[in-house]
Amino acid sequence: MITILDKQFIPFINRETIENRITELAEQINNDYKDRCPLFLVVLNGAFLFATELVKNIPLTCEITFVRLSSYAQTESTGNVRQIIGLEEKITDRDVIIIEDIVDTGLTMTQLLSQIEDHKPKSIEIATLLHKPEALQKPVKMRYVGFEIENRFVVGYGLDYDGLGRNLDALYVLKE
Ligand code: IMP
Ligand code: MG
């Protein structure tokens with residue numbers, strides 16, 4: 001068991017299991033994108049470790065770029081709108097693969113997708129390490145999913161609790 005700030009977490013998915021699964025996802029991408037030059041769009045901060053492990057196993061000719069999402073409160077009650085920071089690359093006519101740490105409610109991904117689609121990529125797919133199907137509020141088509149997990153809070157392997165725990169080499173789940 002580990003403690004981060006006021007919370008206790010227990011081991012959930014170990015490093016070997018995570019990395020074996022990421023290797024499988026990489027193999028799928030290698031097959032699906034033969035003879036293409038995908039543009040990986042890594043969503044910071046959470047996806048950095050997943051992206052590293054994934055692209056190390058992808059020998060395709062490809063580009064890798066990084067975006068951050070900044071959320072700001074709107075005056076209307078529509079919730080937070082997220083802006084992409086760092087999307088300078090030309091994504092028009094590119095085969096884009098978004099790399100995310102987790103799709104939870106799906107709201108972040110829905111907003112990200114609509115902003116990327118404005119630039120008219122040739123294709124767009126999602127690779128996410130984790131997905132919580134029970135939490136999904138908007139339908140999101142995810143082609144590469146590492147693990148579908150229950151609706152519980154996890155840290156490690158890039159995911160944080162209040163900024164901490166991203167460096168953990170395995171996934172931990174909040175102790176209930
Ligand atoms: P969304 O609810 O799908 O919009 O998820 C937005 C963001 O919430 C993700 O990119 C993560 O940064 C964060 N998040 C969701 N679930 C977890 C979790 O279990 N642990 C850590 N961060 C999470
Ligand atoms: Mg994130």
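For ligands, and for the atoms within them, numbers begin at 1 and follow the listed sequence.
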- Atoms of ligand 1, numbered as shown, that sit under 4.0 Å from any heavy atom of Asp160: 21 (C)
- Message: Side chain or backbone, does Val154 bring an N or O within less than 3.5 Å of an N or O on ligand 1?
- Response: yes
- Message: Does the residue Ile102 have a heavy-atom contact with ligand 1, meaning some pair of atoms that are separated by less than 4.0 Å?
- Response: yes
- Query: Any idea which atoms of ligand 1 are less than 4.0 Å away from a heavy-atom of Glu100?
  - Reply: 10 (O)
- Is there a heavy atom of Val43 sitting under 4.0 angstrom from any atom of ligand 1? no
- Item | ligand 1 atoms in contact with Asp101 (distance to a heavy atom under 4.0 Å) | 10 (O), 12 (O)
- Message: Any carboxylate oxygen within less than 4.0 angstrom of a Lys/Arg side-chain nitrogen, looking at Lys7 and Asp162?
- Response: no
- Spacing of CZ belonging to Arg94 relative to CD1 belonging to Ile97, to within rounding of 0.5 Å: 10.5 Å
- Message: Below 30° counts as parallel, above 60° as perpendicular, anything between as tilted: where do the rings of Tyr33 and Tyr144 land?
- Response: tilted
- Query: Hey, does the side chain of Lys120 reach the backbone of Asp93 with a donor-acceptor pair shorter than 3.5 angstrom?
  - Reply: no
- Query: Are there more than 12 heavy atoms of other residues, nucleotides or ligands under 6.0 Å from atom CZ of Arg68?
  - Reply: no
- Message: If we only consider heavy atoms of Gly106, is any one of them less than 4.0 Å away from an atom in ligand 1?
- Response: yes
- Query: Would Tyr157 end up clustered with Ile2 when hydrophobic side chains under 4.5 Å apart are linked, directly or stepwise?
  - Reply: no
- Item | Those atoms of ligand 1 less than 4.0 Å from some heavy atom in Arg152 | 19 (O)
